[in-house]
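Single-structure report; data block below.
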2 protein chains.
Amino acid sequence: MYVTNANQAVDMADFAQFPTETCALPETRLAAGAHLFREGDAVTRIYQVVAGVVSLNRLLEDGRRQIIAFGLPGDLVGFPCDGRHHTDCEALSLVRLQPFRITQIDCATGDPVLRARFMEAALHEIAAMQDHFMMLGRKSAAERVASFLIALDARTGQDRDGQRRVDLPMSRADIADFLGLTTETVSRVLSQLRKSRVIALDGIHRVVFLRPAALRALATGDCD
Amino acid sequence: MYVTNANQAVDMADFAQFPTETCALPETRLAAGAHLFREGDAVTRIYQVVAGVVSLNRLLEDGRRQIIAFGLPGDLVGFPCDGRHHTDCEALSLVRLQPFRITQIDCATGDPVLRARFMEAALHEIAAMQDHFMMLGRKSAAERVASFLIALDARTGQDRDGQRRVDLPMSRADIADFLGLTTETVSRVLSQLRKSRVIALDGIHRVVFLRPAALRALATGDCD
DNA sequence: CGCCGAGTTGACAATGATCAAGACCTGTGG
DNA sequence: CCACAGGTCTTGATCATTGTCAACTCGGCG
């Protein structure tokens, strides 16, 4: 999952399920904290997240971390480049994944339907990453957090009592590493949104949208 | 072109030329400042840069700009998503481009060889963008500029008198919008590198690498 | 020669990072 | 069921990096 402009829905979730019957590999399960693959690993499978959340990470030698994307249900993770993974993939919760053999995609012997869907997913991935660049390069801390909440809501938000609410299945540190901020800054922005009654926090890992319009304005910088 | 870690060569340039004979469309020429396409345009062609440089841009309503990537000779630009372009594409110099019909790629009627190369290019694009995330999210201004010079050198650098030298075909503002900085900061970092004898500036648009090792150390943060 | 845009440099401000302390969950064991 | 321990989260104080605003220089071109 990447963060997009408020007015652009993230549509990875709209993808039709991959045709599992054509290449039935058993579902993989992963406990929170476990790694599915690491940067540099040879790619033999790609995975569609069925349930739970994963993160795609890159590390710098000195420990700085950037989360490239979160993998939510419906997302495809593990795009190869020259046969290798270019990120770590870590489970943030109990995760279920549907694996697909890479051989079914990258050569002429594979399934054309699967290959076409894979191509489509890769192009969506590129478009989503392009949106995310704008955020990392040009948006303020408040804009980033607001954009993140809106994007997450578009993917996994629920209606309850006429209010949108969204779970944050990841830690503040994960959010910070995704947005290019520190945990302290993420925490401060959330507190500020809470104090200004734009959101409410229902426990640490659930956000209720009190004034969605204000949040949208914040995300796009229209509040000035 | 994206900026990668210093130790990872940008390899888009290694791609075999696309088989132009299979779908011979005439080369497109574009003057500096002209737009090849804009965000939202329907995608009918994708293009391989033959000569010159283009930039792929995204804009925020308030004018903030992020350059997603520079398109250097060999690079493929115009990846579609749901049939639309998701960035503007602007020529930064006189540019020559080889167009390809999108119909040859996205459906079963297309050329399999071309489609495979397109797939490969898309996956390389994803990997390159992942590298760039680390820079925008986690690197300091000096690290970004140093990384940028090294990445550009890997693509278009020349040897002369035993020294590497690289042209900067874009303005300081373009570099800033690519790196998520301001023109002033880019200028200051370049001045500082010049004063510390890491680089020399041979005119505004040419950099000579005096101490490449120091530049590499700077790019990866090893200088501390 | 003078103009004009791009680039550079300086002074200052602001945003977000860092460092530190305290509060709050959550799981474990008595 | 409660107490404790360890991590996560929040909040405050301070600092550093980078952005902003402004002045000035440089280089190309009429």
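So that the names make sense, note that chain A is the first sequence line, chain B the second, and so on, each numbered from 1.
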Seminar exercise, completed: Closest heavy-atom pair, B:Leu193 versus B:Ser196, reported as atoms and distance to 0.1 Å, is O-OG, 3.3 Å
For this session: Between C:dG7, C:dT9, C:dT18, spot the one nearest the side chain of A:Thr182, thanks.
Result: C:dT18
Exercise. A:Glu184 has an atom CD; how far is it from atom C1' of D:dC15, in whole Å?
Worked result: 14 Å
Seminar exercise, completed: Atom CD1 of A:Ile204 and atom P of D:dT11 are separated, to the nearest Å, by 11 Å
For this session: Indicate, with a heavy-atom threshold strictly under 4.0 Å, whether A:Ser171 touches base, sugar-phosphate, or nothing.
Result: sugar-phosphate
For this session: Would you indicate, yes or no, if C:dT8 has its OP1 or OP2 atom less than 4.0 angstrom from a side-chain nitrogen or oxygen of B:Arg172?
Result: yes
Seminar exercise, completed: Taken to the nearest whole Å, NZ/A:Lys139 to P/D:dG19 is 18 Å
Problem set entry | Whole-Å gap separating P (C:dT15) and CG (A:Leu179) | 18 Å
Exercise. Over how many whole Å does the gap from B:Leu201 atom CG to D:dT25 atom C1' extend?
Worked result: 15 Å
Seminar exercise, completed: Which of C:dA11, D:dT11, D:dC9 is nearest the side chain of B:Arg188? It is C:dA11
Seminar exercise, completed: A:Asp174 CG to D:dG7 P, in whole Å, measures 17 Å
Exercise. Looking at side-chain heavy atoms only, is the closest gap between A:Ser191 and A:Arg194 below 4.5 Å?
Worked result: yes
Seminar exercise, completed: B:Leu181 CG to C:dA14 P, in whole Å, measures 20 Å
Exercise. Can you tell me if the side-chain N/O atoms of B:Arg194 get under 4.0 Å from OP1 or OP2 in C:dG7?
Worked result: no
Exercise. If you look at every strand shown and take non-hydrogen atoms under 4.0 Å, does B:Leu190 touch a base, only sugar-phosphate, or nothing?
Worked result: nothing
Problem set entry | Side-chain donor or acceptor of A:Arg172 paired with backbone N/O of A:Ile204 under 3.5 Å | yes
Exercise. What nucleic acid atoms does A:Arg138 come within less than 4.0 Å of, heavy atoms only: base, sugar-phosphate, or nothing?
Worked result: nothing
Problem set entry | Length of the line joining A:Leu168:CG and D:dC9:P, which is rounded to integer Å | 10 Å
Exercise. When you measure from the side chain of B:Lys195, which nucleotide among D:dG19, C:dT9, C:dT18 comes out closest?
Worked result: C:dT9
Exercise. Is any side-chain N or O of B:Thr185 closer than 4.0 Å to OP1 or OP2 of D:dG19?
Worked result: yes
Exercise. Which part of the nucleic acid, if any, lies within contact of B:Thr183, taking any heavy atom under 4.0 Å across all strands shown: a base, the sugar-phosphate backbone alone, or nothing?
Worked result: nothing
Exercise. Is the side chain of A:Arg155 donor-acceptor paired with the backbone N or O of A:Pro73 at a distance under 3.5 Å, no angle test?
Worked result: yes
Problem set entry | Pairing residues for A:Arg211 by the salt bridge (charged side-chain N to carboxylate O under 4.0 Å, His left out) criterion, not counting sequence neighbours | none
